[in-house]
Amino acid sequence: MALFNKSHLFRRALPPAIRVLLCSLHYRVAPHSSTMAEQTEKAFLKQPKVFLSSKKTGKGKRPGKGGNRFWKSIGLGFKTPREATEGTYIDKKCPFTGTVSIRGRILAGTCHSAKMMRTIIVRRNYLHYIKKYQRYEKRHSNIPAHISPCFRVKEGDHVIIGQCRPLSKTVRFNVLKVVRLGLLEVGRRLLQQCETFAFEMAKL
């Protein structure tokens, strides 16, 4: 804590990344505390529906009451991730812990790019029918979608996204579920093994 007692000139001389780290250390509390969130920005982050100065422990109460972490179920058959209920991240655009509601279209696609911060590009492949030639041509569309910190996604993973209010200039969808690429490959191998087994049994 001695670094914060220095003059403001010393803090200005530090790189921006170091300054953000010092600010996060300044707001950090004990790891067992459930009322303080991860401080990764210059501004103090908190959930708007949680009162941090509550004297109640909040155990056994509803989410968001007595200083508890606020989370909700979005419905539509999607389960709330454990990281959303037990984690300490703050994301106001998260469908599970933020103020965003899912309504409208539910789409599935593949993660094409995960280079942006909390935003991914979802690629959807489809076939377009050409009436003149009576043939189909391959087409694709790229949809930017917000991804909550409760998910870990890599390029190639299968994701399910849901429509929400406009979150930025181009983002109108939110990630609801992530299926790992490895799990898809295992499922395909099991399906192939079952098909070959059924084919061999049919021969007998």
Using modelled atom types and a 3.5 Å cut-off, is there a donor and acceptor pairing between side-chain atoms of [X] and backbone atoms of [Y]?
X      : Y      : value
His140 : Arg123 : no
Arg135 : Lys131 : no
Thr85  : Thr80  : no

Side chains of [X] and [Y]: does their closest heavy-atom pair fall under 4.5 Å?
X      : Y      : answer
Ile147 : Val153 : yes
Glu155 : His112 : no
Ile143 : Arg124 : yes
Ile74  : Phe96  : yes
Thr97  : Arg69  : yes
Pro149 : Arg118 : yes

Tell me the closest heavy-atom pair linking [X] and [Y], and the distance in Å.
X      : Y      : result
Val178 : Arg152 : CG1-O, 4.1 Å
Val122 : Ala145 : CG2-CB, 4.3 Å
Arg105 : Phe173 : O-CE2, 4.1 Å
Ile121 : Met116 : CD1-CE, 3.8 Å

Starting at [atom1] of [X], measure out to [atom2] of [Y] and round the result to the nearest 0.5 Å.
X      : Y      : atom1 : atom2 : value
Ile161 : Ile106 : CD1   : CD1   : 9.0 Å
Leu167 : Asn174 : CG    : CG    : 6.0 Å
Leu176 : Ile102 : CG    : CD1   : 5.0 Å
Lys154 : Arg180 : NZ    : CZ    : 6.5 Å
Met117 : His146 : CE    : NE2   : 11.5 Å
Cys150 : Arg82  : SG    : CZ    : 13.0 Å

**Report entry** Test side chain to side chain contact (heavy atoms under 4.5 Å, CB included) applied to Cys94 and Tyr89, Trp71, Phe151, the passing residue
**Finding:** Tyr89
Report task. Determine whether Val171 and Ile120 fall in the same hydrophobic cluster, where Ile, Leu, Val, Met, Phe, Trp and Tyr are linked whenever their side-chain heavy atoms lie under 4.5 Å apart. Result -> no
Query raised in the report: Is Tyr129 reachable from Leu127 through a run of hydrophobic residues whose side-chain heavy atoms are each under 4.5 Å from the next?
Result: yes
Requested in this report: Evaluate whether atom OH of Tyr126 has more than 12 neighbouring non-hydrogen atoms of other residues, nucleotides or ligands under 6.0 angstrom away.
Outcome: yes
Query raised in the report: Going by an N to O cut-off under 4.0 Å, is there a salt bridge joining Arg139 and Glu137?
Result: yes
Requested in this report: Could you walk me through whether Arg103 and Gln163 pass side-chain contact (heavy atoms from CB on, under 4.5 Å), step by step?
Outcome: CA-CA 6 Å; Arg103 78 287 187 276; Gln163 190 177 6; 3.8 Å; yes
Requested in this report: Could you please spell out the steps behind the side-chain contact (heavy atoms from CB on, under 4.5 Å) verdict for Leu45 and Lys92?
Outcome: CA-CA 10 Å; Leu45 301 178; Lys92 64 179 181 180; over 6 Å; no
